[in-house]
Student: 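This is the structure I want to talk about, given as structure tokens.
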Amino acid sequence: VKFFIPPVLLVLFSMGCAAKTDDEKTEFGNYGGYPPTFQLLGIMAVFFVGFLFFSAAIMPRLYTGFTKTNSPVVSKKDDADLLAR
């Protein structure tokens, strides 16, 4: 079963990408008949979230400015200090 489902999903996705609307436009990328500006806004939102995720994974120090000072929640650094004692 695990070797059967991925190819089936790939075929279904490719068929969905090739599907046409009534006015012969592809359905993929023309979601809901919205104007191109709204389509672009949605695509940009996805890329922005992806940028935030990958930049945090590659360079986590970029987000140290968002740490709370005097927080009642113990941080990992404080845990290491407690274990060292």
Side-chain angles (χ1 to χ4, degrees):
V1 169
K2 72 179 182 180
F3 297 111
F4 178 72
I5 293 174
V8 170
L9 290 175
L10 187 61
V11 168
L12 290 174
F13 178 73
S14 62
M15 288 174 53
C17 289
K20 303 277 185 186
T21 61
D22 293 335
D23 54 348
E24 293 301 317
K25 289 184 178 178
T26 59
E27 286 187 11
F28 189 74
N30 290 311
Y31 177 76
Y34 293 110
T37 53
F38 290 116
Q39 301 282 351
L40 181 64
L41 184 64
I43 292 169
M44 287 175 32
V46 169
F47 280 117
F48 180 67
V49 170
F51 166 75
L52 290 177
F53 175 79
F54 286 111
S55 65
I58 295 170
M59 298 174 285
R61 289 182 33 185
L62 287 174
Y63 298 98
T64 55
F66 295 110
T67 56
K68 294 169 81 174
T69 58
N70 301 327
S71 175
V73 178
V74 179
S75 69
K76 290 181 182 178
K77 180 181 176 188
D78 294 339
D79 282 345
D81 291 341
L82 289 174
L83 292 174
R85 293 182 192 175

Student: Rounded to the nearest 0.5 Å, what separation is found between the SG atom of Cys17 and the CG atom of Leu12?
Tutor: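 It is 11.0 Å, given to the nearest 0.5 Å.
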Student: Where do Ser55 and Tyr63 come nearest, in terms of heavy atoms and distance?
Tutor: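 The pair with the smallest heavy-atom distance is OG-OH, 2.6 Å.
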Student: Measure the spacing between CZ of Phe47 and CG of Leu40 and express it to the nearest 0.5 Å.
Tutor: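 Answer rounded to 0.5 Å: 10.0 Å.
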Student: For the hydrophobic clusters of this structure (ILVMFWY residues joined by side-chain heavy atoms under 4.5 Å, transitively), does one cluster hold both Val49 and Phe38?
Tutor: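 Not linked; separate clusters.
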Student: As an exercise, state the distance from CZ of Phe53 to CD1 of Ile58, rounded to the nearest 0.5 Å.
Tutor: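 Phe53 atom CZ to Ile58 atom CD1 measures 9.5 Å (nearest 0.5 Å).
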Student: Mind checking whether Leu52 and Leu62 sit in one hydrophobic cluster, side chains of I, L, V, M, F, W, Y counted as touching below 4.5 Å?
Tutor: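 Yes, one cluster joins them.
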Student: Under a single-linkage definition using a 4.5 Å side-chain heavy-atom cutoff for Ile, Leu, Val, Met, Phe, Trp and Tyr, are Ile5 and Leu10 assigned to the same hydrophobic cluster?
Tutor: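 Cluster IDs for Ile5 and Leu10 differ.
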Student: Does Phe54 belong to the same Ile/Leu/Val/Met/Phe/Trp/Tyr cluster as Phe66, with side-chain heavy atoms less than 4.5 Å apart forming each link?
Tutor: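 Each belongs to a different hydrophobic cluster.
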Student: Enter the distance from Phe4:CZ to Leu9:CG here, rounded to the nearest 0.5 Å.
Tutor: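 That separation rounds to 9.5 Å.
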